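Take a look at the structure below.
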Amino acid sequence: MTTLADSIASLRSRIGAAARAAGRDPAAVTLVAVSKVQPEDRIEAALAAGQRVFGENRVQEAERRWAERRAAWRDLQLRLIGPLQTNKAKDAVRLFDVIETVDRPKLARSLAEAMAATGRTLDCLIQVNTGEEPQKAGVAPREAEAFYRLCTEECGLAIRGLMCIPPVEEPPALHFALLADLAGKLGLPVLSMGMSDDFETAVRYGATHVRVGTALFGARVSPERPPAP
Ligand SMILES: *Cc1c(COP(=O)(O)O)cnc(C)c1O
């Protein structure tokens, strides 16, 4: 049976191989373990295996899972990778270390207010809707520069990079290349792209953070429909 420590080790070696093949330093790529909806024992096993960087896509679920663990694991890094409502901005700023999904002026302003109110300064990424899908969050690529200026100049946010989720039915490489190109033009060092099925491609195109859920933890167990015993 493969243990969680084995899957983390195997992911790290695949990330390392993809980085070296692209002439990149494997240490320049961070594995973000996407722990949403995963059961407690898998979270504990990941922590025991040395994993410290986690991604969550809902504020309240992340609070339940991580608020207490934060005290026990001082070197944790929690990254919000899902859509954020402005009324949850303050909770998000209190819990997370990085917000990857800044995608509209109203949210940028709410985050700036929440950071001023809590005295915490979080690194942020702008989510770019590289496929311009109407149902998906993120700024359109042609709006990224103006939005970056609003975030930094008007709101004072520490924008470190860009994040994307390519359309499921398209090859991701073009989307990764587009995101890398945009980040290069804006002089931003962080690129959060690549998930279980395409993280090696993302590393080839310059990902600094790959967000991996199922390939690390196994299939997510639906809270509505638990598997038959
Ligand atoms: C769930 C999720 C992931 C991880 O997806 P897997 O296919 O399980 O690796 C990555 N990024 C975001 C934004 C997600 O919501």
Side-chain angles (χ1 to χ4, degrees), residues 2 4 6-15 18 29-39 42-43 45-46 49 51-66 77-85 88 92 95-104 107 122-133 135-139 160-173 175-176 178-180 183 190-224 227:
T2 333
L4 211 97
D6 293 336
S7 14
I8 292 175
S10 129
L11 283 168
R12 289 192 185 285
S13 85
R14 286 172 63 189
I15 289 167
V29 185
T30 300
L31 171 61
V32 180
V34 177
S35 45
K36 64 183 182 200
V37 201
Q38 295 290 350
R42 294 188 195 164
I43 310 290
Q51 180 67 32
R52 291 294 180 272
V53 184
F54 292 86
E56 287 280 351
N57 68 348
R58 288 167 194 266
V59 177
Q60 273 165 321
E61 184 192 335
E63 272 170 352
R64 282 197 297 277
R65 185 166 296 126
W66 293 107
Q77 190 192 76
L78 299 181
R79 308 176 68 95
L80 179 67
I81 61 170
L84 178 58
Q85 294 169 333
K88 302 245 176 69
L95 179 71
F96 287 94
D97 301 290
V98 179
I99 309 286
E100 294 203 4
T101 49
V102 185
D103 65 352
R104 57 199 191 278
L107 177 60
L122 277 60
D123 283 354
C124 294
L125 309 185
I126 290 172
Q127 181 173 358
V128 181
N129 187 355
T130 56
E132 306 205 38
E133 297 171 278
Q135 81 286 5
K136 199 168 271 178
V139 297
R160 302 294 182 219
L162 305 178
M163 175 271 210
C164 77
I165 309 169
V168 278
E169 68 284 1
E170 285 179 32
H175 296 272
F176 297 153
L178 172 60
L179 199 73
V190 176
L191 275 175
S192 171
M193 56 191 197
M195 319 205 305
S196 288
D197 291 335
D198 54 19
F199 67 87
E200 284 152 316
T201 308
V203 168
R204 197 169 334 126
Y205 283 89
T208 60
H209 293 73
V210 292
R211 309 178 307 265
V212 181
T214 48
L216 193 158
F217 288 106
R220 283 182 281 277
V221 180
S222 157
E224 295 85 36

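Atoms within each ligand, like the ligands themselves, are counted from 1 in listed order. Numbering of residues begins at 1 and proceeds along the displayed sequence. Everything quoted here is computed from the prediction, not taken from an experiment.
- Nearest heavy-atom pair, P166 versus E133, reported as atom, atom and distance to 0.1 Å: C-OE1, 4.3 Å.
- At a 4.0 Å heavy-atom cut-off, the residues surrounding ligand 1 are V34, K36, N57, I81, M163, I165, M195, S196, R211, V212, G213, T214, R220, listed by chain and number.
- Every side-chain hydrogen bond (donor to acceptor under 3.5 Å, both in side chains) that S192 has, sequence neighbours left out, goes to E100, R211.
- Annotation: side-chain contact (heavy atoms from CB on, under 4.5 Å) contacts of R160 (sequence neighbours excluded): D123, L125, A158, V190.
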Working note: E200 + R14, criterion salt bridge (charged side-chain N to carboxylate O under 4.0 Å, His left out); need CA distance, chi angles, decisive distance, verdict.
CA-CA 7 Å; E200 284 152 316; R14 286 172 63 189; 3.0 Å; yes

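- Pairing each heavy atom of A137 with each of D103, the nearest pair is CB-OD2, 3.4 Å.
- Residues passing the salt bridge (Lys or Arg N to Asp or Glu O under 4.0 Å) test with R104, sequence neighbours excluded: none.
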